[in-house]
There are 2 protein chains.
Amino acid sequence: MSFSIKQKVYQEVIKELQRYIERNNLNPGDKLPSERELSERLNAGRSSVREALRALELIGLVETRHGEGTYLREYRSFQTVELLSSFILRQDNMKDDLTFTKKILEKEAAKLAFARISVSDIQELKAILDVNSSNPLTKHRAFFKYLFEKTENLLLMKIWSLMDEFSHAVCVYHFEESFYNTLLKHYSERDYESIDPLFSGPSEGEQLRGIFSLDCF
Amino acid sequence: MSFSIKQKVYQEVIKELQRYIERNNLNPGDKLPSERELSERLNAGRSSVREALRALELIGLVETRHGEGTYLREYRSFQTVELLSSFILRQDNMKDDLTFTKKILEKEAAKLAFARISVSDIQELKAILDVNSSNPLTKHRAFFKYLFEKTENLLLMKIWSLMDEFSHAVCVYHFEESFYNTLLKHYSERDYESIDPLFSGPSEGEQLRGIFSLDCF
DNA sequence: AGTTATTGGTGGTCTGACCACTATTGAATC
DNA sequence: GATTCAATAGTGGTCAGACCACCAATAACT
């Protein structure tokens with residue numbers, strides 16, 4: 001009585017690929033054998049090999065270049081988290097949580113960026129506010145995109161952008177006009193302590209009202 | 001002149017599936033159309049549809065039963081984490097982002113939960129600490145799971161568990177022994193202001209050192 | 001009524017064909 | 001000899017069709 005569950009071919013291929021990578025000590029950027037070669041060497045149909053490679057590609061372990069080949073990739077969990085999050089978002093009716101969680105991320109980004117914001121950055125941010133003064137949405141997005149980049153936490157930014165995209169489909173929000181300039185003021189005065197309260201807003205306990213403008217449809 | 005980047009068919013199929021799930025409001029356990037039907041409806045070859053489904057299966061979003069069909073699945077990381085971990089080990093540039101971002105979420109959860117924590121909750125949390133006193137990892141997970149549930153922000157919790165699962169495959173961390181009790185002390189003394197600094201730790205500016213114990217492999 | 005055989009639908013796999021893209025090769029040109 | 005450009009071989013991208021194995025509902029039989 002063997003416990004070895006009959007694996008699908010594409011799963012076997014993945015395992016074989018792992019062994020291959022291990023044996024040959026492949027690093028990110030290195031080339032994998034071609035689909036046809038793998039198909040032959042592993043005694044599997046090319047379609048099965050492709051199923052394996054596509055799956056690895058989707059989760060970001062492998063990069064495929066048309067006409068060139070398949071390459072081992074510097075792993076980033078972003079695509080995966082992104083994809084999973086999108087499914088999770090659809091599965092539950094958590095659209096209410098969306099706006100609030102997004103705001104949390106924005107607050108943290110604003111605080112994280114604090115240490116890395118220079119005088120020229122503040123000028124940049126002011127320029128962003130000016131250019132987008134007519135459209136509060138693009139202003140908000142551009143403003144925080146800059147801050148998130150300053151945090152140098154790519155994962156944080158990815159999650160935020162994802163939420164941003166989703167929130168646009170559900171419910172658009174932005175801060176009041178004065179918010180952005182107040183934040184910049186805190187930056188220029190090196191006043192870290194005032195950032196958090198700025199996001200919490202004047203009305204303690206209330207989560208979305210006060211500093212927010214909500215345009216839902 | 002269209003700017004739409006030419007996507008691969010299997011990626012389009014995934015997107016279509018997401019839309020389909022959204023439209024029909026499918027929940028975990030519900031059945032997806034058959035491969036052949038999808039192939040027909042989306043004007044794609046069956047092999048392309050399979051590439052999409054296999055990829056979704058690999059990351060655990062979808063479950064396939066031979067002879068029955070393909071079903072939407074309650075997300076579980078299972079194989080994904082195991083698979084990714086073996087790939088990730090050499091590449092640790094994402095490790096910092098993940099751990100750090102996860103910590104941010106935990107901090108926010110601790111603060112959000114503050115308003116909703118009752119005396120009995122504190123007892124519950126103490127019990128959790130006692131029961132898991134031997135294993136710092138399960139203790140950390142159980143402790144914060146409770147807090148995240150208290151926030152009643154399902155999205156925040158989902159994202160956190162996602163990261164938690166991923167982070168376990170990469171690098172395990174937990175707080176120092178004293179951390180949990182200190183947090184509970186703040187709760188019982190209704191001392192909201194001290195929560196944030198507790199997470200920031202004694203060494204200002206340093207992100208991961210100090211209050212953390214990092215067991216990487 | 002209960003059991004068994006049939007059948008239709010499903011995923012699992014392979015093959016072969018064709019297209020599109022890339023990089024290399026090699027010939028024609030300067 | 002160096003440069004340019006066209007042919008070519010190798011690669012991934014996609015599709016269609018053919019089987020097989022498996023499952024469940026149905027029909028036929030006892």
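As the structure is a prediction and not an experimental result, all values here were calculated from the model. The figures here come from the full heavy-atom set of this structure, side chains too, leaving out hydrogens, waters and symmetry mates.
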Are [X] and [Y] within salt-bridge range, i.e. N to O under 4.0 Å?
X	Y	result
B/Glu51	B/Arg54	no
B/Arg41	B/Glu16	no
A/Glu68	A/Lys31	no

Check: What does B/Ser39 touch in the nucleic acid at a heavy-atom separation under 4.0 angstrom: a base, only the sugar-phosphate, or nothing?
Finding: nothing

Note to self: Mind checking if B/Gly45 touches a base, just sugar-phosphate, or nothing, with heavy atoms under 4.0 Å?
What the structure shows: sugar-phosphate

Send over the distance from [X] [atom1] to [N] [atom2], rounded to a whole Å.
X	N	atom1	atom2	value
A/Gln7	D/dA21	CD	C1'	17 Å
B/Leu42	D/dC15	CG	C1'	14 Å
B/Lys31	D/dC23	NZ	P	15 Å
A/Glu40	C/dG16	CD	P	12 Å
B/Glu35	D/dC22	CD	P	16 Å
B/Arg65	C/dG12	CZ	P	12 Å
A/Leu38	C/dT13	CG	P	16 Å
A/Glu51	D/dG12	CD	P	16 Å

What's the closest nucleotide to the [X] side chain, out of [options]?
X	options	result
A/Val9	D/dG13, C/dC14, D/dC22	C/dC14
A/Arg46	C/dA17, C/dA23, C/dC14	C/dA17
B/His66	D/dG13, D/dT14, D/dA21	D/dA21

Next item on the list: Could you pick out which residue, B/Ser47 or A/Glu68, lies toward the 5' side of DNA chain C when each is mapped onto its nearest nucleotide?
Entry: B/Ser47

Notebook entry, point to check: If you find the nucleotide of DNA chain C closest to A/Asn43 and the one closest to B/Gly69, which residue's nucleotide is nearer the 5' end?
Noted result: B/Gly69

Notebook entry, point to check: Is the distance from OP1 or OP2 of D/dG12 to the nearest side-chain N or O of A/Thr70 less than 4.0 Å?
Noted result: yes

Checklist line | Nearest-nucleotide 5' precedence on DNA chain D, A/Leu32 against B/Ala44 | finding: A/Leu32

Item checked: Over 12 non-hydrogen atoms of neighbours within 6.0 angstrom of CD in B/Glu40 -> no

Note to self: Taking atom types as they are modelled, would you say the side chain of A/Arg54 forms a donor-acceptor pair with the base of D/dG13 within the 3.5 Å cutoff?
What the structure shows: no

Next item on the list: Please state whether the base of D/dG12 and the side chain of A/Arg36 form at least one donor-acceptor pair under 3.5 Å?
Entry: yes

Notebook entry, point to check: Any side-chain donor-acceptor pair under 3.5 Å between A/Ser133 and A/Asp130?
Noted result: no

